[in-house]
6 protein chains.
Amino acid sequence: MKRAVYPGSFDPITNGHIDIIKRASKLFDELIVAVLVNPAKTPLFTVEERMELIKKSLNNIPNVKVDNFDGLLAHYVSKVKADVIVRGLRAVSDFETEFQMALMNKRLNPDVEIVFLMTSYEYSYLSSGVVKEVVRLGGNVSGLVPECVETKLLEKVGRR
Amino acid sequence: MKRAVYPGSFDPITNGHIDIIKRASKLFDELIVAVLVNPAKTPLFTVEERMELIKKSLNNIPNVKVDNFDGLLAHYVSKVKADVIVRGLRAVSDFETEFQMALMNKRLNPDVEIVFLMTSYEYSYLSSGVVKEVVRLGGNVSGLVPECVETKLLEKVGRR
Amino acid sequence: MKRAVYPGSFDPITNGHIDIIKRASKLFDELIVAVLVNPAKTPLFTVEERMELIKKSLNNIPNVKVDNFDGLLAHYVSKVKADVIVRGLRAVSDFETEFQMALMNKRLNPDVEIVFLMTSYEYSYLSSGVVKEVVRLGGNVSGLVPECVETKLLEKVGRR
Amino acid sequence: MKRAVYPGSFDPITNGHIDIIKRASKLFDELIVAVLVNPAKTPLFTVEERMELIKKSLNNIPNVKVDNFDGLLAHYVSKVKADVIVRGLRAVSDFETEFQMALMNKRLNPDVEIVFLMTSYEYSYLSSGVVKEVVRLGGNVSGLVPECVETKLLEKVGRR
Amino acid sequence: MKRAVYPGSFDPITNGHIDIIKRASKLFDELIVAVLVNPAKTPLFTVEERMELIKKSLNNIPNVKVDNFDGLLAHYVSKVKADVIVRGLRAVSDFETEFQMALMNKRLNPDVEIVFLMTSYEYSYLSSGVVKEVVRLGGNVSGLVPECVETKLLEKVGRR
Amino acid sequence: MKRAVYPGSFDPITNGHIDIIKRASKLFDELIVAVLVNPAKTPLFTVEERMELIKKSLNNIPNVKVDNFDGLLAHYVSKVKADVIVRGLRAVSDFETEFQMALMNKRLNPDVEIVFLMTSYEYSYLSSGVVKEVVRLGGNVSGLVPECVETKLLEKVGRR
């Protein structure tokens, strides 16, 4: 039995995240989508909202759970007895940050394996940050995020 | 049951490859190390020698098999009914080549997933090509390749 | 008739920007230098000051206009009926950001084309941010920005 | 009147090239697709075949001409009195090669401008080399090259 | 006599910095480790603490001095009559930032030479920022920083 | 006393190499420009010609010697009792190759230090290969190589 963790801020979840989740859920017996609670940042959505949007967007993939964590990813992974961390790679700039993150996590928890999936090319330019920016500036993000996320985004920025 | 393929030239296998094989063998139920037969290149070792060196180096990891293939990786993966292709990433330059390879393989075989592992940092500068070059120029590669590979390399370049 | 937009913060304009403007003005019938008004940032110069400095620096190139915009670039480009967005590329790190920006703008406005010019090598290390930093720390920026910009920069940081 | 040159080996033309040609033909009054004759390389297709395939693939875009050249691109551009060189950028590795090419061409011909278009993301992994490799190994390239190119490719590698 | 400056924030010093200092101290007759006082940032440690931790960590390497500076590095280097600036390179992203910094410093002070050392691979993922983040989140950083730094870090974040 | 080696093919020496040599000669007491004899490659110039052109181009810098070597750089550096290897960095693609080279040399000879200088930006696009290509295609390389090299290049390609 292989249990994997897909960690992230998911503020909010995008179609790029969903693509990685669906693909990773086929590779491992269980996948935990783990929302990072980072007290140093002020997200647009609360942890509860972010978890709710992930659940709605995924439509009950049987072996996918949604959870949240604070503190070190390496500790969280030990706590939930996961074997694998899943990460998406979009571009060269991702690569270096992820490489450093991977090496540090290996040091903090040598038993965990970190596995990278390449983001599908149609989502290679997509990030939660870009989506929020486009919505704030009045642009249309349908096709980039699930419908429930789009609705909530428009509410948050006061456009609906 | 998840079956993975780790393709490569392995001309010859290095400690960097072995690190990836050991880690990948823990992630999937079965791992096939698949030696690419490329008629357009003239390798130092024959396919048989390369397969033999891989087997000797791995010391019977129960769920790892050694095989060879020619033609398209996407076709081979279908033939052996594998779910996953495993690749090691060492550096930014790897990243782009691998990204293109991954996108093309996805197109040729949409059912297969490609999974990347980061090479351990102590092997980040290691490649079969560098090892052969160092041996040819009279340098010492112990610690970079298994002992059986070092012995064969010295025979091939006529230094033993 | 081809109308192009060269968008940016221009806080303040540098000799690198001027190089791109001069070259782009020869490629297209009309070029609009469009100053981005970003309420989320606190620029050193007001929009009016930035536009004024651009106009002074350009010395009346006949087919270049200076304008400002807020909101999405893709919307602004539609509004002014431009065919092309012009961007300068300095380095690999620019490349990825620009690639993502280009893909998103294509999605928001499929009719617009984005054209990149390579920054001349003598300006490859130049940015508005670096210029402001050097002035703040007491360094000399003549040769990096037009004289009128240098004067205004020294006023702003209280050194003249 | 702006005349542009889009140089390349086009051995053979791919859908990625065609995307760049169509987009560039809207930006400039005249576009010359210029096939490089490089005596140091042995292409799969002769210059005549390559030009023929380009013409067939383009279906008579009125302002696009097909030509060939040997020697320095900077000299060819002068000879045909072009104002602009057009290049496609796919990835970071392209970027550096292109940057060096651009700087050298500027030195050899300071009057010419070099303009870069980002390859559409669905063609970001596509190159003539990859297409030839896939065909040689028995893979399917429909959707990656025009039909007339696919037919010729299969003839050349003896599969039809 | 060659005098070199190794500038940085050192907030706090890591084993990666110490590796560069030891190696640079063998290359030049005198090495000044120069702590940057940047009024625009709020460091975790005061300048005095940072200098103290550097001194304790280095154990009296005879030709290494510890100093601090504000303002432009190019001016500081002139003031202390140094011939060389030493910088460590960890990764591609470092490379571009450092390249721009180097070109600007050359412009501000053409007499100074900037010399780069590659960070040893075991420290390639290490930075003061990562170390502080790990400590804040409750992780173990022994082996990444000197013991005296680890103790101080735990005090600062209220864990001891 | 610090002795440095600047290794390379120098086929032929360019103004970019000369810039690095002049700067490195000021940093170290003695600098050996070491021409690599690589039997696997067929250079345009013989070792003797390459050494001759280097000597002519340098105009007797007192502390610079010209030598040649075959085999491993790490062994040559031991033989001549050098403390430092000097390398020039032009771009990101150089960076990764050089990083791997540096790590391997450190492994083969832990006592040697490798020091990198950034190529001056006006030579960032310059390489021996590009220079030879331009001359072959009939282009002008004055300003990119010393006059004696230009003359020899034109002789070699039969243009004078």
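In what follows, every heavy atom counts, from backbone to side chain, and hydrogens, waters and symmetry copies are set aside. Bear in mind that the values here come from a model prediction, so they are computed numbers and not experimental data. Proteins come first, then strands; the chains are lettered A, B, ... in the order of their sequence lines, and each starts at number 1.
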Could you check whether atom NZ of D/K2 has more than 12 heavy atoms from other residues, nucleotides or ligands sitting under 6.0 Å from it? yes
Side chains of D/H75 and F/L137: closer than 4.5 Å at any heavy-atom pair? no
Within a 6.0 Å radius of atom NZ on F/K55, are there more than 12 heavy atoms belonging to other residues, nucleotides or ligands? yes
Is any side-chain heavy atom of F/N140 less than 4.5 Å from a side-chain heavy atom of D/R107? no
Hey, is NZ on D/K56 packed in by over 12 heavy atoms from elsewhere, all under 6.0 Å? no
CG on D/L72 to CZ on F/R136, rounded to 0.5 Å: 12.5 Å
D/K132 atom NZ, over 12 foreign heavy atoms within 6.0 Å: yes
